[in-house]
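Worksheet: one structure, shown below.
When reading the values below, keep in mind they use all heavy atoms of this one structure, side chains included, and skip hydrogens, waters and symmetry mates.
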Amino acid sequence: MGELSDDLGRCLETAQCDAALAARAACACEEGRLREAKRVLLNQRQQLLDDVHNKQRSIDEIDHVLHRMGRVDTPPVARPAAPPAARPAPPRGARGGEGADHV
């Protein structure tokens with residue numbers, strides 16, 4: 001399990017886990033205490049996920065304020081109404097088929 005414990009240590013360091021905790025998890029993995037190592041991984045994963053959610057809330061708040069600023073600073077653009085589309089007259093005899101003019 002030496003390779004797995006090395007990977008675990010690198011993984012936790014990359015995931016900004018405390019070095020002492022990463023070493024403890026790697027040691028637990030090396031000694032076959034996989035439950036303890038998994039618990040460290042899962043706890044660190046949850047902490048990272050909480051960080052992501054907090055950052056997303058901050059981004060959403062900024063987007064909301066920017067949206068409100070856009071509405072206040074930029075008055076709605078008044079677009080001229082488009083004239084109603086002129087419908088071309090149907091060709092003679094087109095209503096009702098051939099010879100409809102003499103009915």
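- With sequence neighbours excluded, no residue forms a side chain to side chain donor-acceptor pair (under 3.5 Å) with Arg35.
- Scanning both residues, Cys17 and Ala22, for their nearest heavy atoms gives SG-N, 4.2 Å.
- In this structure, the separation between NE2 on His64 and CD1 on Ile62 is 12.5 Å, given to the nearest 0.5 Å.
- The residues Arg10 and Asp7 are annotated as salt-bridged, a charged nitrogen and a carboxylate oxygen being separated by less than 4.0 angstrom.
- Of the N and O atoms on the side chains of Asp51 and Gln47, not one donor lies less than 3.5 Å from an acceptor on the other residue.
- Remark: Arg33 CZ is packed, more than 12 non-hydrogen atoms of other residues, nucleotides or ligands lying under 6.0 Å away.
- Atoms SG and CD, from Cys27 and Glu36 in turn, are 8.5 Å apart once rounded to the nearest 0.5 Å.
- Across Gln44 and Ala15, no two heavy atoms sit closer than the pair NE2-O, 2.7 Å.
- Hydrophobic cluster of Leu8: the remaining members, joined at side-chain heavy-atom separations below 4.5 Å, are Leu12, Leu21, Val40, Leu41, listed by chain and number.
- In this structure, CZ on Arg24 lies 13.5 Å from SG on Cys29, to the nearest 0.5 angstrom.
- By the 6.0 Å contact criterion, CD on Glu61 is open, its count of non-hydrogen atoms from other residues, nucleotides or ligands being 12 or less.
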